[in-house]
*Asks:* 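After the structure tokens below, expect a handful of questions from me.
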Amino acid sequence: MDEANSIPTRDEMEVNQGVEEGFASNQPPPMTESTPAVVTSQEQTSAADQLPPLPSQKKRKPTRKPSEVWNHFEQYQTGNPSEPIRVRCKYCKTADYKYDPATCGTSSLRTHITNLCKKYPYRVPGSNQKVLTFAKDQSGSITALGAAGFNKEESRKACLRMVIIDELPFSFVDGEGFRHFCSVACPRFIPPSRRTLARDLLALYYDEKQLLKAKLAAHRVCLTTDTWTSVQNVNYMVLTAHFLDGDWMLHKRVLNFCVIQNHKGRTIGRLIEKCLIDWGIERVLTITLDNASANDKAVSYLQTKMKDWPNGGLLLDGVHLHMRCCAHIVNLIVTDGLKELHNSVKSIRDAVMYVRSSPQRLETFKSCIEKDKIDCKGLVVLDVPTRWNSTYMMLEAALKFKKAFKRLEDEDGHFKSYFGRGNTPPVEEDWANAVVFVKFLKSFYDFTLRCSATLHATAHTTFHDLFAIDCELAELSVVGNPLLSDMAQNMKLKYDKYWGSLDSVNQFLLIAVVIDPRYKLDNLSMHIADLYVENDAYVAEKTAGVRDLLFKLYGLYEAGFVSKPNQSFSSSTTSSSIGSVIVTDSSSSSSFGGDRKKAMKEKWKKRQEDKEAVVLSHEIDRYLSDAAEQDIEQFDILNWWRVNASKYPVLAAIAKDVLAIPVSTVASESTFSTGGRTINSFRSSLSPTMVEALICTQNWLKSTSISLKVEPTIEEMEFYETIESGISICLDSLLIMCEFYCVEAKYIIMYISYIDMRRSNANAPVHIFTD
């Protein structure tokens, strides 16, 4: 493009305009790049005077930030402009101060906020100031009213305990909401970071482990174990210990939740051995596992390694070490019987599935329930086909709404078409079969619930449950209903595989029946005779074998049992000691010229007492010869042995270990539920050590405390002796009073028995004698 025809830019137009104005006013034109400027020395001097000064090279003093006190005060001007500005508190509106930044500081303002202002919402009490509060125990119940102050360490421990027990992630303490809550509820508490919390967790885990390790050293434990694969695709093994403490309270403690390489039997056995050595546990009674073949190899490995451990690591060389999980066996038995599901079960399952398939159908079903006036707050539940107990619960719930399903068939046109060709909604025959199924499966369901208990003894009732199941299967195998007979026959075959013979049942379960004061050996012998009606020789042999096993255990426990003088009280020992004293006195008197005939009578009396003592000298004989207790549902066997431990000291030691045997692995399997919540898709980066610390510490913190057996003091022993001496003095007077008031002698016997129990246990309930 030609320069003559180009359009001038805006800058060029302004320059041109300036040039034109300069010519018009006879002023020199402005400088441009094309016109060089001619500047004189005088003009240079005047231009230099007009330039701003250069910045100073010295560092400028930083401005002090305003005090935080000014966030709580506001400035105001009085009516007189000559007076200085004043400030007042934003909260109380009464504090008034003169504001002069040249002469006044902020100390007085700060003192007002921290100490004087009563309406300041963020006041922090002094370090020594305490407040009245209700003290609470671990269960949350109020115990007493007391004064409590702020403790930084205790607050930090409480925060850690909250994270462990409530299964919260470590990042919870870094959350904005939690930190705001702490700033309002307790401004003095500074929440720890998640890294600090993780370090505190490991420290707490090791401290609690040492405490539990010292307490377990005094007990023979029973173990349960199982394996599990997490969402991390890591195999874990859990090891749980069960034992009774000095107060006869049953406890379970998760010892380990550790990584296992594979599920082979030798690997499981080695890891269990390693865990026991780490805990210093040398005495083990049983190990409860499921019926996997790998577990049999694990038990064989442990029997080989542990039978040479000191302090009686295994009783009877570990012959009865393996306790098979009863709940797992029952599950196999019922699953095998229900392998070919009947059409009635399938029809009811489809009906429940239709109701649960959409909200509209569920609302229609609820309206049918209201119209039929069915008084039931629950609803139908859908089962899991691989779990027979869920099928039982589905049928049990569906039977309650039988009328509602019939009404739904009439009012909902889509109900019949949902079943497809060849299938129909449940008819009367299907509901009748469901009643039979529920009645048949109820005994298995109830037994599964009983044997799955972990906080009360179950070993002493397991044999009776197995006996009842065996009898029920035998009866149903010959009934006229082909449906039930086929199921019962299949289940009986599976039952005989595991419990067909008493030799295949762990013998400690038979010992548990004997140490139950309601049954003892006679009850066991009666049930064995019912199982083997035409084999009296085997019944006698098996009964004698159980008795011999009990005597063997007695010998082992007696060898390691230290009898205390104040714990060996019994009626026979008391009578023999009194007799020996009398003989000693009489013989000494006869040696000094006493009557010879009297000495002969005393000698005969001593011979008769020794003869009677031989019959009932053994503790087991005295226990078996005593009358059995009444068989009531609320009978507490642990409390009975706690009261009678002084009367049968060695048997009580046996009962304390045998009654702690778990007959199922539910205690270990429930730990996997905790593990599933701890290691989920949002917390899958936790290390195995941290996972074990979280799960084990949670179990230890939530469990009840372990009480140790406390020996009575000298003062308590003297107090009991004073009571006993007073009773012996007043006994004659008591007999005279009974004769005078015509009171029956049985009340005297009851009173003496009560005194015997009170001597053995000072905490025995008083209401025992109120009858």
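For the single chain, residues carry numbers from 1 onward in sequence order.
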*Asks:* Could you tell me if the side chain of I333 sits less than 4.5 Å from the side chain of W388, heavy atoms only?
*Replies:*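 Answer no - side chains too far apart.
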*Asks:* Is the backbone of D290 close enough, under 3.5 Å, to the side chain of T665 for a donor and an acceptor to pair up by distance?
*Replies:*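 Side chain of T665 to backbone of D290, a donor-acceptor pair under 3.5 Å: no, none is there.
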*Asks:* Should the heavy atoms of other residues, nucleotides or ligands under 6.0 Å from CZ of F635 be counted, would the total exceed 12?
*Replies:*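 Counting neighbours around CZ of F635, more than 12 heavy atoms of other residues, nucleotides or ligands fall under 6.0 Å, so yes.
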*Asks:* Side chains of L510 and F463: does their closest heavy-atom pair fall under 4.5 Å?
*Replies:*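 Sidechains of F463 and L510: in contact.
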*Asks:* How long is the gap from CG on D516 to CD1 on I511, to the nearest 0.5 Å?
*Replies:*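 The CG atom of D516 sits 13.0 Å away from the CD1 atom of I511.
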*Asks:* For T288, does its backbone N or O pair with a side-chain atom of R324 as donor and acceptor, under 3.5 Å?
*Replies:*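 Flag not set: sc R324 to bb T288 has no pair under 3.5 Å.
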*Asks:* Do NZ/NE/NH1/NH2 and the carboxylate oxygens of R161 and D200 come within less than 4.0 Å?
*Replies:*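 The answer is no: the pair does not qualify as a salt bridge.
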*Asks:* I would like to know whether H328 and L289 meet side chain to side chain contact (heavy atoms under 4.5 Å, CB included); could you show each step before the answer?
*Replies:* CA-CA 9 Å; H328 188 259; L289 308 100; over 6 Å; no
*Asks:* Less than 4.5 Å apart, side chain to side chain, heavy atoms only: is that true for L466 and Y498?
*Replies:*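 In short, these two side chains do not touch, never coming nearer than 4.5 Å.
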*Asks:* Can a donor-acceptor pair be found, under 3.5 Å and without considering hydrogens, that links the side chain of T335 to the backbone of L332?
*Replies:*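 Not a single qualifying donor-acceptor pair exists.
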*Asks:* Do you know the tightest heavy-atom contact between P191 and V173?
*Replies:*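 Smallest heavy-atom distance, with atoms named: CB-O, 4.2 Å.
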*Asks:* Do you know which two heavy atoms are closest between V438 and Y392, and how far apart they sit?
*Replies:*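 V438 and Y392 have their closest heavy atoms at O-CE1, 3.5 Å.
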*Asks:* Are H242 and T224 close enough that a side-chain donor and a side-chain acceptor fall under 3.5 Å?
*Replies:*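 Distance-only check passes for H242 and T224.
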*Asks:* Is a side-chain donor or acceptor of T240 paired with a backbone partner of V254 at a separation under 3.5 angstrom?
*Replies:*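 No: the side chain of T240 does not pair with the backbone of V254.
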*Asks:* Does K209 make a cation-pi contact with W700, if we ask for NZ or CZ under 6.0 Å from the ring centre and within 45° of the axis?
*Replies:*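 The answer is no; the distance or angle limit is not met.
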*Asks:* Roughly how far, to the nearest 0.5 Å, is CG of L659 from CG of L244?
*Replies:*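 Result: 6.5 Å between the selected atoms.
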*Asks:* Verify, without hydrogens or angle tests, whether S664 (side chain) and C451 (backbone) share a donor-acceptor contact under 3.5 angstrom.
*Replies:*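 Yes; at least one donor-acceptor contact below 3.5 Å.
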*Asks:* Once you round to the nearest 0.5 Å, how far does CG of L197 lie from CG of L202?
*Replies:*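 With rounding to 0.5 Å, CG (L197) is 10.5 Å from CG (L202).
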*Asks:* For a 4.5 angstrom cut-off between non-hydrogen side-chain atoms, does E396 reach Y445?
*Replies:*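 No. Closest side-chain heavy atoms not under 4.5 Å.
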*Asks:* Take atom CD of E167 as the centre, draw a 6.0 Å sphere, and report whether it contains more than 12 heavy atoms from other residues, nucleotides or ligands.
*Replies:*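 More than 12 within 6.0 Å, yes.
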*Asks:* Can you tell me how far the CE atom of M491 sits from the CZ atom of F444, to the nearest 0.5 Å?
*Replies:*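 Atom-to-atom, M491:CE and F444:CZ are 3.5 Å apart.
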*Asks:* Begin from the C-alpha positions of I260 and Y236 and carry the test side chain to side chain contact (heavy atoms under 4.5 Å, CB included) through to its verdict.
*Replies:* CA-CA 5 Å; I260 186 171; Y236 286 92; 5.9 Å; no
*Asks:* For N256 and M237, run side chain to side chain contact (heavy atoms under 4.5 Å, CB included): C-alpha distance rounded to whole Å, both residues' side-chain angles, the deciding distance at 0.1 Å, then the answer.
*Replies:* CA-CA 8 Å; N256 293 93; M237 186 197 76; 5.7 Å; no
*Asks:* Just checking, any donor-acceptor pair under 3.5 angstrom between side chains of T267 and N262?
*Replies:*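 A donor-acceptor contact under 3.5 Å links the two side chains.
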*Asks:* What distance do L212 atom CG and W279 atom CH2 have between them, rounded to the nearest 0.5 Å?
*Replies:*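 Answer rounded to 0.5 Å: 4.5 Å.
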*Asks:* Only one of I281, L285, L255 forms a side-chain contact (heavy atoms from CB on, under 4.5 Å) with V221, so which one is it?
*Replies:*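 Of the listed residues I281, L285, L255, the side-chain contact (heavy atoms from CB on, under 4.5 Å) partner of V221 is I281.
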*Asks:* Rounded to the nearest 0.5 Å, how far apart are OG of S230 and CG of L686?
*Replies:*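 So the OG of S230 and the CG of L686 are separated by 10.5 Å.
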*Asks:* Can you tell me how the ring of W248 sits relative to the ring of W641, calling it parallel under 30°, perpendicular over 60° and tilted otherwise?
*Replies:*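 Correct class here is parallel.
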*Asks:* Which heavy atom of V238 sits nearest a heavy atom of F257, and at what distance?
*Replies:*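 Scanning both residues completely, I find the closest heavy atoms to be CB-CD1, 3.9 Å.
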*Asks:* Using 4.0 Å as the upper bound for N to carboxylate O, is an ion pair formed by D383 and R387?
*Replies:*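 Salt bridge between R387 and D383, a charged N being under 4.0 Å from a carboxylate O: no.
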*Asks:* Hey, is the main chain of T697 close enough, under 3.5 Å, to the side chain of E208 for a donor-acceptor pair?
*Replies:*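 It does not hold such a pair.
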*Asks:* Parallel, tilted or perpendicular: which describes the rings of F672 and W228, with under 30° parallel and over 60° perpendicular?
*Replies:*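 Geometry flag for W228 against F672: parallel rings.
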*Asks:* Tell me the closest heavy-atom pair linking F189 and R156, and the distance in Å.
*Replies:*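 Scanning both residues, the minimum pair turns out to be CE1-N, 3.9 Å.
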*Asks:* Hey, which of V284, D657, T286 is the one that makes side-chain contact (heavy atoms from CB on, under 4.5 Å) with C222?
*Replies:*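 That would be T286; it is the only one of V284, D657, T286 passing the side-chain contact (heavy atoms from CB on, under 4.5 Å) with C222.
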*Asks:* Are side-chain heavy atoms of T448 and V334 found at a separation under 4.5 Å?
*Replies:*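 Of all side-chain heavy-atom pairs linking V334 with T448, none is under 4.5 Å.
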*Asks:* Would you check if L455 and L250 make a side-chain contact, meaning some heavy-atom pair closer than 4.5 Å?
*Replies:*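 Contact flag for L455/L250 side chains = no.
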*Asks:* Check whether any side-chain heavy atom of L316 lies under 4.5 Å from a side-chain heavy atom of L556, and answer yes or no.
*Replies:*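 Yes, their side chains come closer than 4.5 Å.
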*Asks:* Test your reading of the model: is there a side-chain donor-acceptor pair from R253 to the backbone of S703, 3.5 Å cut-off?
*Replies:*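 Pair absent, no side-chain N/O of R253 close to backbone of S703.
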*Asks:* Hey, is the main chain of V319 close enough, under 3.5 Å, to the side chain of D317 for a donor-acceptor pair?
*Replies:*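 Not at all, since once roles are kept as given, no pair shorter than 3.5 Å links the two residues.
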*Asks:* Is any side-chain heavy atom of N680 closer than 4.5 Å to one of V231?
*Replies:*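 The answer is no, as the side chains (C-beta and beyond) never meet within the 4.5 Å cut-off.
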*Asks:* Are there more than 12 heavy atoms of other residues, nucleotides or ligands under 6.0 Å from atom CZ of R194?
*Replies:*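 Open.
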*Asks:* Taking only Lys NZ, Arg NE, NH1 and NH2, and the carboxylate oxygens of Asp or Glu, determine whether K274 and D278 approach each other closer than 4.0 Å.
*Replies:*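 Looking at D278 together with K274, the answer is no, because their closest N to O distance does not fall below 4.0 Å.
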*Asks:* Quick check against the 3.5 Å criterion: does N490 have a side-chain atom that pairs as donor or acceptor with the backbone of D336?
*Replies:*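 Not at all, since once roles are kept as given, no pair shorter than 3.5 Å links the two residues.
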*Asks:* Determine yes or no for a side-chain-to-main-chain donor-acceptor pair under 3.5 angstrom, with D166 supplying the side chain and L168 the backbone.
*Replies:*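 Side chain of D166 to backbone of L168: no pair is present.
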*Asks:* Looking at every non-hydrogen atom in both residues, tell me the closest pair between S670 and K252 and how far apart they are.
*Replies:*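 Scanning both residues, the minimum pair turns out to be OG-NZ, 4.1 Å.
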*Asks:* At their closest point, which heavy atom of D245 faces which heavy atom of M249, and how far apart are they?
*Replies:*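 Closest approach of D245 to M249, heavy atoms only: OD1-N, 2.7 Å.
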*Asks:* With a 4.0 Å cut-off on N to O distance, would you call E273 and K305 a salt bridge?
*Replies:*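 Here E273 does not pair with K305 in a salt bridge, since their nearest N and O are not under 4.0 Å apart.
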*Asks:* List the steps, then state whether side chain to side chain contact (heavy atoms under 4.5 Å, CB included) holds for Y120 with T114.
*Replies:* CA-CA 8 Å; Y120 179 57; T114 56; over 6 Å; no
